[in-house]
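When a residue number appears, it is its place in the shown sequence, counting from 1.
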Amino acid sequence: MIDGRRNLDAYLAAYEVMGPDRLDVFDDVCDPDVRFVDPFNDLHGLERFKDVYRHMYATLENPRFTILDRAAGDVAGYIRWRFDFGLRGRAMTIDGMSEVVFGPDGRVVAHIDHWDAGSQVYARVPVLGALIRWVRGRLAV
């Protein structure tokens, strides 16, 4: 039987100690064919999963996840988080949630992020942001 709470705790412990040179912390808690989905990616495989974080550390300034809340079910865990980072000297924050699915052996087989890229990223791009705000205004009640 899968112990969702124990598996979620182990997975989140990896996030607490991960760093640009410490992505091997996911080797024991993720399935080799783990699926990762966010607004920019939909990929399979542990190395590609770690590539997301390699890219994060290479392109962002002081990236940091803060776990705000968590819940564990029988086969999945749910995490509410805040992601703080710098981009070209500008501080940014993204708030989101992740669904983490466990396989029969307790390792993560899927990590699916849910967050609004439109309002939290695209709307901050100068020309694109103005267009998004205009469209939102037209669609709002």
Side-chain angles (χ1 to χ4, degrees), residues 1-140:
M1 180 175 200
I2 299 172
D3 183 348
R5 180 174 301 283
R6 182 178 57 83
N7 297 329
L8 183 60
D9 288 345
Y11 187 60
L12 291 177
Y15 275 89
E16 290 175 3
V17 298
M18 83 167 180
D21 299 322
R22 292 282 327 265
L23 296 176
D24 61 329
V25 297
F26 293 111
D27 294 353
D28 292 334
V29 295
C30 290
D31 186 84
D33 194 38
V34 63
R35 180 179 183 210
F36 178 82
V37 179
D38 72 5
F40 306 117
N41 301 283
D42 187 346
L43 51 91
H44 286 266
L46 184 55
E47 284 308 309
R48 295 194 68 206
F49 172 84
K50 291 191 279 187
D51 284 344
V52 170
Y53 295 102
R54 287 182 188 104
H55 181 263
M56 174 189 79
Y57 283 114
T59 59
L60 301 178
E61 302 151 9
N62 303 311
R64 185 182 76 246
F65 287 96
T66 302
I67 305 304
L68 303 173
D69 202 1
R70 67 178 85 186
D74 293 334
V75 296
Y78 306 91
I79 308 156
R80 191 167 63 91
W81 47 262
R82 175 167 290 134
F83 178 50
D84 294 295
F85 60 97
L87 183 61
R88 296 184 201 119
R90 183 174 173 202
M92 299 185 76
T93 298
I94 294 174
D95 292 307
M97 294 191 73
S98 298
E99 174 185 0
V100 180
V101 181
F102 306 109
D105 63 359
R107 292 189 294 176
V108 173
V109 296
H111 175 131
I112 303 165
D113 281 347
H114 303 279
W115 55 276
D116 183 4
S119 69
Q120 297 188 82
V121 174
Y122 300 135
R124 296 176 183 171
V125 176
V127 174
L128 185 56
L131 178 60
I132 289 172
R133 287 187 295 278
W134 179 81
V135 169
R136 281 185 143 165
R138 302 285 293 169
L139 297 175

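Within a 6.0 Å sphere centred on CZ of Arg5, heavy atoms belonging to other residues, nucleotides or ligands number 12 at most. Counting heavy atoms of neighbouring residues, nucleotides and ligands inside a 6.0 Å radius, atom CG of Asp24 exceeds 12 of them. For Asp105, the CG atom counts as densely surrounded, since its 6.0 Å shell holds more than 12 non-hydrogen atoms of other residues, nucleotides or ligands.
With contacts defined as side-chain heavy-atom distances shorter than 4.5 Å, the pair Tyr57/Met18 qualifies. Side chains of Val25 and Glu16 form no contact here, defined as non-hydrogen atoms less than 4.5 Å apart. Put simply, the side chain of Asn62 does not reach to within 4.5 Å of the side chain of Arg64, judged on heavy atoms. Counting heavy atoms from C-beta outward, Asp113 and Phe83 have side chains that stay 4.5 Å or more apart. Contact check for Ile94 versus Trp81: side-chain heavy atoms found under the 4.5 Å cut-off. Inter-residue side-chain proximity for Leu60 and Leu87 is flagged as met; some heavy-atom pair is nearer than 4.5 Å. Residues Leu43 and Val52 form a side-chain contact, since some pair of their non-hydrogen atoms from C-beta on lies under 4.5 Å apart.
Here the closest non-hydrogen pair linking Ala10 and Val29 is O-CG1, 3.9 Å. In terms of heavy atoms, Pro39 sits closest to Trp115 at CD-NE1, 3.2 Å. Across all their heavy atoms, Ala72 and Leu8 have their closest contact at CB-CD2, 4.2 Å. Between Asp95 and Arg82, the shortest heavy-atom contact is OD1-NE, 2.8 Å. The minimum heavy-atom distance linking Thr93 with Asp84 is given by the pair OG1-OD1, 2.6 Å. Pairing each heavy atom of Val34 with each of Ala110, the nearest pair is CG2-N, 4.1 Å.
With Tyr11 as the fixed residue, the side-chain hydrogen bond (donor to acceptor under 3.5 Å, both in side chains) test singles out one of His111, Arg107, Arg70: His111.
Aromatic pair Tyr15/Phe26: centroids less than 6.0 angstrom apart.
For the pair Arg54 and Glu47, the salt-bridge criterion is met [side-chain N within less than 4.0 Å of a carboxylate O].
Between atom CG of residue Leu12 and atom CD1 of residue Ile67 there is a gap of 5.0 Å, rounded to the nearest 0.5 Å.
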Between Met56 and Phe65, is a side-chain contact (heavy atoms from CB on, under 4.5 Å) present by the stated rule, with each step listed? CA-CA 12 Å; Met56 174 189 79; Phe65 287 96; 3.9 Å; yes
